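Here is the naming used below: chain letters follow the sequence lines, and residue numbers restart at 1 for every chain. Small disclaimer: the values here were computed from a predicted structure and weren't measured.
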Amino acid sequence: MKETENTTPSHFIRNVIVSDIENNKNDGRVHTRFPPEPNGYLHIGHAKAICLSYGLAEEFKGLYNLRFDDTNPTKEESIYVDKIIEDIKWLGFNWQERLFFASDYFDQLYEYAVKLIKKGKAFICDLSPDEMRETRGTLTSPGTNSPYRNRTIEENLDLFEKMKAGEYPDGTRVLRAKIDMSSGNMNMRDPVMYRILHADHHRTGDKWCIYPTYDFTHGQSDSIEGITHSLCSIEFEDHRPLYDWYINELEIFHPQQIEFGRMSINYTVVSKRKLIQLVESGIVNGWDDPRMPTLSGMRRRGYTPMSIRNFLDLTGVAKHNSTVDFALLEHSVREDLNKIAPRRMAVLNPLKVIIDNYPDDLVEEMDAINNPEDESAGTRKVPFSKELFIEHSDFMEDPPKKFFRLGPGREVRLRYGYFITCNEFVKDEKSGEITELHCTYDPASRGGNSPDGRKVKATLHWVSASHAVKAEVRLFSHLFMSENPEAVEDGVDWKTNINPESLEVLSEAMLEPCLKDEKPGYKCQFERQGYFCLDEFDSSPDHLVFNRTTTLRDTWARIQKQAKKGK
RNA sequence: UGGGGCGUAGCCAAGUGGCAAGGCACGGGGUUUUGGUCCCCGCAUCCGAAGGUUCGAGUCCUUCCGCCCCAGCCA
């Protein structure tokens, strides 16, 4: 924590706040907000915005609000409100009683609109959407004034009233601000403030049939709430002049908007539009699929709030959009989980081992350390017996030099168990697969120590066959095969980059027995393999389902990779 | 040919005229009953490019190049 503060001293937004406080702007108040639209789940990009706005408020002893910007009833649902609240709470933030909805301000916003009409700064326009587009001009040429631009204030007031009363069908009229059709900033070309939408709203029901646009809502909502620093992403930078225009014409409190660059991560997509497509096409199993970069998905996969917040600290804040390496995210979870996750032994792909010289009916309880990084985690007993399972990948019939594990005639240590030597192996003639190992153990090496000081090059994890608990284990890898899935040639669907092997299900995993009573959400390290988490939804006492959060750093895998490249 | 923004290592990112922090990744070594953790070492003569100002420029000026956003009655 301290380290990250040292290495990332500050950023331009914090600097602005510090100087505002020094200058006693807003009486030194700091009040931020996070303004999601309830039309989807929160993802890691939103988490950045949340941690920034809320984190800064906490840092400067200020306040923060949660406000849903729910101005489009055709796209928003209350289920998303619930999920968003759940996810932000999980991240560790508490906005106390300051939960708001832009829809709470619909009456006020209507009055603001009337005020602008009365000032001659807004008018009712009867142009169709197509006509409006045609008269808006292009990026390089100015637009032309609407023929309705010079209606009288009285007529505008009357028409707006009738729009509100439901006298016109959808799309027939809008209320527009009267600004400048020749502005280089497209947002200033007489933007729409209100549109007719005969749709039920998730909170206001059928009270309204006209709804304010986001641009006519957002800035004023911040103003109403007394927000001092309105942080938002960079694409809204050229909306700021519009927000300022509304605020100034309305003569209301002026929050300061500051924009920051959006963050994405390689090998995934972080755009609500694309995440929705993944969900609706069935490519993933819902918004909370552990492969999704949503907070719900990451929680289900086993990420901790701490790991996400540290990750966001490490990535920093800047004005340009960035694509952060997935490896940094993995580093952040490992860093957290290494400290807090208990160690357990689990064999993912079991290979039967029979200790020929071990007594048939003997079961020994071996002492195992729960977490070498945390002495207070204590120890536990693990049963050892004649028949065990080890990892299939821990044996090779004809091992290369750098392979330290079991092979014919080799000796290794079973963690907290004994030294064993492999004498023979059984092979399925047809498949060529190794099915069983016969070994002998050294009774003097109990617990894994060698009394004569002899060394072995490897320590393997194992579980006693008759005591093991069977489980399903889900291994996840990148959802996409390419670093930047969105970068596709024209006409090519970005979804062609999907990694068909992003989910691997192992149904025969064998776990050490103490794991059978753990609750959903339980996290631990399977020694030598990675960090795992009991699935929130699919796991039950008689059918355990573990999700792999991430692997351990794997030097052996790297050596193999290098060897392959060398060839 | 409009407006706005941004370019420091493979990825993030400090730096605010005094001689290129840090993290991740990568490579090498040590410790180790996890090929984990931990610990050491290495990794930009150079800051998108070219000119200029200055004793001195990533920081200031000029020009150029590249990338992102904007033509929803979406947010």
Sugar-phosphate, base or nothing in reach of A/Thr315, heavy atoms under 4.0 Å: sugar-phosphate
side-chain N/O A/Arg173 vs B/C73 OP1/OP2, d < 4.0 Å: no
Closest listed nucleotide, where the reference is the side chain of A/Asp238 and the choices are B/C70, B/A75, B/G36: B/C70
Sugar-phosphate only, base, or nothing, as touched by A/Phe403 at under 4.0 Å among non-hydrogen atoms: base
Watson-Crick or G-U wobble mate for B/G10, both contacts under 3.5 Å: B/C24
Whichever of A/Cys125 and A/Gln529 has its nearest RNA chain B nucleotide further upstream toward 5': A/Gln529
N/O donor-acceptor pair, side chain A/Glu373 with base B/G36, under 3.5 angstrom: yes
Integer angstrom distance from the P of B/C74 to that of B/G66: 35 Å
A/His201 (side chain) donor-acceptor with A/Thr71 (main chain) under 3.5 angstrom: no
Pairwise C1' distance for B/U8 and B/C46, with rounding to whole Å: 9 Å
Under-4.0 Å salt bridge between A/Arg33 and A/Glu225: no
Sugar-phosphate, base or nothing in reach of A/His461, heavy atoms under 4.0 Å: nothing
Any strand: nucleotide that pairs with B/G2 via Watson-Crick or wobble, under 3.5 Å: B/C70
Touch class at under 4.0 angstrom, heavy-atom based, for A/Pro372 against every strand present: base
Under 3.5 Å donor-acceptor pair, A/Arg343 side-chain atoms to B/U34 base atoms: yes
C1' atoms of B/C38 and B/U32, separation to the nearest Å: 9 Å
Euclidean distance for P, B/A50 against B/C39 (whole angstrom): 40 Å
G-U wobble or Watson-Crick pairing nucleotide for B/U63 (cut-off 3.5 Å, both distances): B/A49
From B/A75, B/U37, B/G5, nucleotide with atom closest to A/Lys319 side chain: B/G5
Closest contact, heavy atoms only, A/Tyr416 versus A/Ala368: CD1-CB, 3.4 Å
Residues A/Arg189, A/Asp180: salt bridge by 4.0 Å N-O rule: no
A/Arg149 and A/Asp190 ion-paired at < 4.0 Å: yes
Touch class at under 4.0 angstrom, heavy-atom based, for A/Ala318 against every strand present: sugar-phosphate
Side-chain N,O (A/Thr71) to OP1/OP2 (B/A75) below 4.0 Å: yes
Touch class at under 4.0 angstrom, heavy-atom based, for A/Arg176 against every strand present: nothing
Among B/U37, B/A75, B/A71, the one nearest A/Arg133 by side-chain distance: B/A71
Sugar-phosphate only, base, or nothing, as touched by A/Arg240 at under 4.0 Å among non-hydrogen atoms: nothing
Nearest-neighbour nucleotide for the A/Glu237 side chain, B/G5, B/A71, B/G36 considered: B/G5
OP1 or OP2 of B/C70 under 4.0 Å from side-chain N/O of A/Arg189: no
Nucleotide nearest A/Met186 (side chain, heavy atoms from C-beta), chosen from B/A71, B/C24, B/A13: B/A71
Touch class at under 4.0 angstrom, heavy-atom based, for A/Ile559 against every strand present: base
Below 4.0 Å: OP1/OP2 of B/C24 and any side-chain N or O of A/Ser332: no
Nucleotide opposite B/A57 in a Watson-Crick or G-U pair, distances under 3.5 Å: none
Short side-chain to backbone donor-acceptor contact, A/Ser53 and A/Ile50, under 3.5 Å: no
Distance test, side-chain N/O of A/Arg262 to OP1/OP2 of B/C69, below 4.0 Å: no
A/Arg195 side-chain proximity, nearest of B/C73, B/A71, B/C69: B/C73
Partner nucleotide, any strand, of B/G35 [Watson-Crick/G-U, under 3.5 Å]: none
N/O donor-acceptor pair under 3.5 Å between A/Arg14 side chain and A/Phe12 backbone: no
Any A/Gln562 side-chain nitrogen or oxygen under 4.0 Å from OP1 or OP2 of B/G27: yes
Side chain of A/Leu314 (C-beta onward), nearest among B/C12, B/G36, B/G23: B/G23
B/A71 to B/G58 separation - P atoms, rounded to the nearest Å: 39 Å
A/Arg309 side chain to A/Ala47 backbone, donor-acceptor under 3.5 Å: no
Residue mapping more 5' on RNA chain B - nearest nucleotide basis, A/Asp325 or A/Pro129: A/Asp325
Sugar-phosphate only, base, or nothing, as touched by A/Lys402 at under 4.0 Å among non-hydrogen atoms: base
Separation of B/G36 C1' from A/Leu337 CG (nearest whole Å): 13 Å
Integer angstrom distance from the C1' of B/U62 to that of B/A57: 15 Å
Sugar-phosphate, base or nothing in reach of A/Phe236, heavy atoms under 4.0 Å: base
Touch class at under 4.0 angstrom, heavy-atom based, for A/Glu527 against every strand present: base
OP1 or OP2 of B/G72 under 4.0 Å from side-chain N/O of A/Arg273: no
Donor-acceptor pair present, A/Arg334 side chain and B/G36 base, under 3.5 Å: no
Value in whole Å for how far the C1' atom of B/C26 lies from NZ of A/Lys561: 11 Å
Test item: side-chain donor near acceptor, A/Ser332 and A/Asn310, under 3.5 Å: no
Distance, C1' atom - from B/C61 to B/G23, rounded to whole angstrom: 35 Å
B/C47 and B/G52, which share atom name P, separated by this distance in whole Å: 16 Å
Touch class at under 4.0 angstrom, heavy-atom based, for A/Thr140 against every strand present: base
Expected output: side-chain A/Glu512 to main-chain A/Met345 donor-acceptor under 3.5 Å: yes
Whole angstrom value for the distance that separates P of B/G36 from CD of A/Glu335: 17 Å
Residues A/Asp442 and A/Arg454 bridged, charged N to O under 4.0 Å: yes
Touch class at under 4.0 angstrom, heavy-atom based, for A/Met132 against every strand present: base
Phosphate OP1/OP2 of B/C12 contacted by A/His331 side-chain N/O (<4.0 Å): no
Nucleotide nearest A/Ser322 when distance is taken to its side chain, options B/C26, B/A13, B/C70: B/A13
Nearest-neighbour nucleotide for the A/Asn72 side chain, B/U37, B/C74, B/C12 considered: B/C74
Sugar-phosphate only, base, or nothing, as touched by A/Arg415 at under 4.0 Å among non-hydrogen atoms: base
side-chain N/O A/Arg528 vs B/G35 OP1/OP2, d < 4.0 Å: yes
Syn/anti state of B/G72 by chi, 90° boundary around 0: syn
